[in-house]
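Notes follow the structure.
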Protein chains: 2
Amino acid sequence: MTISGTETGATSRLAVHDRVYASLRDALITGRIAPGLGVSLRSLAADLGVSPMPVRDAVRRLAAERALAINPANKRLSVPSLTADRLEQLALARSLIEPELAQRAAEQTDAVLISRLRRLDATVDLALAEGDVGRYMAANHAFHFTLYRHGRAEVLLTLADSLWLQIGPFMRVVFGRIGTLGLAADHHMAALEGLQQRDPMAVRRAIAADIAMGMDALRADGVSQPTDAAED
Amino acid sequence: MTISGTETGATSRLAVHDRVYASLRDALITGRIAPGLGVSLRSLAADLGVSPMPVRDAVRRLAAERALAINPANKRLSVPSLTADRLEQLALARSLIEPELAQRAAEQTDAVLISRLRRLDATVDLALAEGDVGRYMAANHAFHFTLYRHGRAEVLLTLADSLWLQIGPFMRVVFGRIGTLGLAADHHMAALEGLQQRDPMAVRRAIAADIAMGMDALRADGVSQPTDAAED
DNA sequence: GCAGGCCAATTGTGATCACAGTTTCGCAGG
DNA sequence: CCTGCGAAACTGTGATCACAATTGGCCTGC
């Protein structure tokens, strides 16, 4: 399995461990690493062409964000496995945090934000039409966080960040299984409408609905089973 | 400044970086490290009598939880400084997450939990009576998280953990400044009452009130100024 | 007396190595 | 053919070193 996605460049200025973190994070958010799968510092380092040291830093960071799990017994690393309980908690937490961020963003919206979001939503639709799961996951993430970042709420944004990192594997599994049935974009449109109308509460409701719907899709698929991955 | 608090022992089985993490975490939660203060890997390592390596691991973890800040320019470490905006966000996030945890805990309460909480609440009261800020902070933390842990909601618990880590310095500053005026314990009693009566919603309300009150105290003290610490 | 520049100390980062624990795989014995 | 055992490979952990960047202080020159 290769971790490194599309090398976007311009990251050369960052520290090595930051680039490693970004790579792993992207791989997790877009679901490129299967849940339950074990990883190791040295293998990741070899994959990314760096020494184990910066990988260790990045992994520690991801473990702190619960995007990677550390087996307390043998200290080995793995992608957290999917359980119904975890999903319910993530859904609840998202529904508490993200609508607030959306509302705050809407309260200080501007034209450039709206146009950027329109462009991202178009990418989402395109990815859905093409059935490109990876691109859909990336574009959907970009849409939400371009909006959220505009809320200028660093603390809440960090929480949302961590939650998406944890829920990425879930989404990938379900979309990989049932295909990208054309459901997602609708609430994005409603959110954009709310932004245009300067109606923060409408944006809040739209995002809340978007989250609820995505979570229902995950629930309906029944990801409760351990999902050992690796099989096949 | 010494970081290491009361060495509780029994931690000798853990990895070194875990003990370092626990030490720093405890120092932050009880507010033993002043906000805005700069720290360095080597100085911390010297303080704790270990090599810089495990300190580096622990610091990375704390930085990921936003309990420590890394200056993006010179990469230097510091305790996050206190701003009114950060406080508001932390207050909001706490009020969203923690009542939920309290309710879940209450829904599966048992006698041993109640008695443990009673004992901890007594310690809180004692610390308040004695004006022992450090002990109060530790006991208050123990009370809340003994309750929260009982909710068996790992994801939400992690979020609450991170929030307390961030809000510790605020609490220490205000209690150090205005003294531990005897306000805090009341809602603990209401929560215990709710647990006894098997009334989860009452427990939820009590915890929500407890958070709101603590946050009001912080707000009233006006921690908005940069608070360079270090002075005096 | 004060400003500016130079040098030493300190910083985080990354590589490399040693080590102990665990896992894994193959081979020998039944 | 199956079961056990032992060695080899692999795991995370921690220490030590080198390095570039930044900081801080001292001294010189005005």
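Sequence lines set the chain letters: A, B, ... in the order given, protein chains first and strands last, and positions in each chain run from 1. As the structure is a prediction and not an experimental result, all values here were calculated from the model. All values below were derived from every heavy atom in this structure, side-chain atoms included, with hydrogens, water molecules and symmetry-related copies excluded.
- Among the candidates Leu62(B), Leu41(B), Asn71(B), Leu37(B), the single residue satisfying the side-chain contact (heavy atoms from CB on, under 4.5 Å) test with Leu77(B) is Leu41(B).
- Looking at every heavy atom in both residues, Met137(A) comes nearest to Arg172(A) through CE-N, 3.9 Å.
- The minimum heavy-atom distance between His17(B) and Pro54(B), with the atom names listed, is CB-O, 3.5 Å.
- Nearest nucleotide to the Val16(A) side chain, out of dG14(C), dT23(C), dT16(C): dG14(C).
- Following rounding to the nearest Å, Asp57(B) (CG) and dG12(C) (P) show an atom-to-atom distance of 14 Å.
- Within the 4.0 Å cut-off from OP1 or OP2 of dC10(D), not a single side-chain nitrogen or oxygen of Ser40(A) is found.
- Separation of atoms CZ (Arg135(A)) and CG (Leu126(A)) is listed at 6.0 Å; rounding is to 0.5 Å.
- Counting to the nearest Å, the C1' atom of dT13(D) and the CZ atom of Arg19(B) are 12 Å from each other.
- Nearest-nucleotide positions on DNA chain D for Met53(A) and Lys75(A) put Lys75(A) closer to the 5' end.
- For the pair Leu77(A) CG and dT11(D) P, the computed distance is 10 Å after rounding to whole Å.
- The Ser51(A) side chain lies nearest to dA15(C) when the options are dT11(D), dA15(C), dT22(D).
- A close approach under 4.0 Å does not occur between any side-chain nitrogen or oxygen of Asn74(A) and OP1 or OP2 of dG21(C).
- Of the candidates dT23(D), dT11(C), dG12(D), dG12(D) carries the atom nearest the Arg42(A) side chain, counting heavy atoms from C-beta on.
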Item to check | Candidate pair Tyr21(B) and Glu65(B), rule side chain to side chain donor-acceptor pair (under 3.5 Å), full reasoning | outcome: CA-CA 12 Å; Tyr21(B) 172 79; Glu65(B) 296 171 315; 2.9 Å; yes
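- Ile70(B) comes within contact range of no nucleotide atom at all, as no heavy-atom separation falls under 4.0 Å.
- Positionally, the nearest nucleotide of DNA chain C for Gly49(A) lies more toward the 5' end than for the other of Ala73(A) and Gly49(A).
- If you measure from atom CG of Asn71(A) to atom P of dT22(C), you get 11 Å, rounded to the nearest angstrom.
- The CG atom of Leu14(A) sits 12 Å away from the P atom of dT13(C) (whole-angstrom rounding).
- Rounded to a whole Å, the CZ atom of Arg56(B) is 7 Å from the P atom of dG14(C).
- Judged by distance alone with a 3.5 Å cut-off, no donor-acceptor contact links the side chain of Arg60(B) to the base of dG12(C).
- For Leu41(A), taking side-chain heavy atoms from C-beta onward, the closest of the listed nucleotides dT22(C), dT13(D), dG14(C) is dT13(D).
- Summary of the strand contacts: Pro52(A) and Arg76(A) both lie near DNA chain C, and taking for each the nucleotide with the nearest heavy atom, the more 5' one is attributed to Pro52(A).
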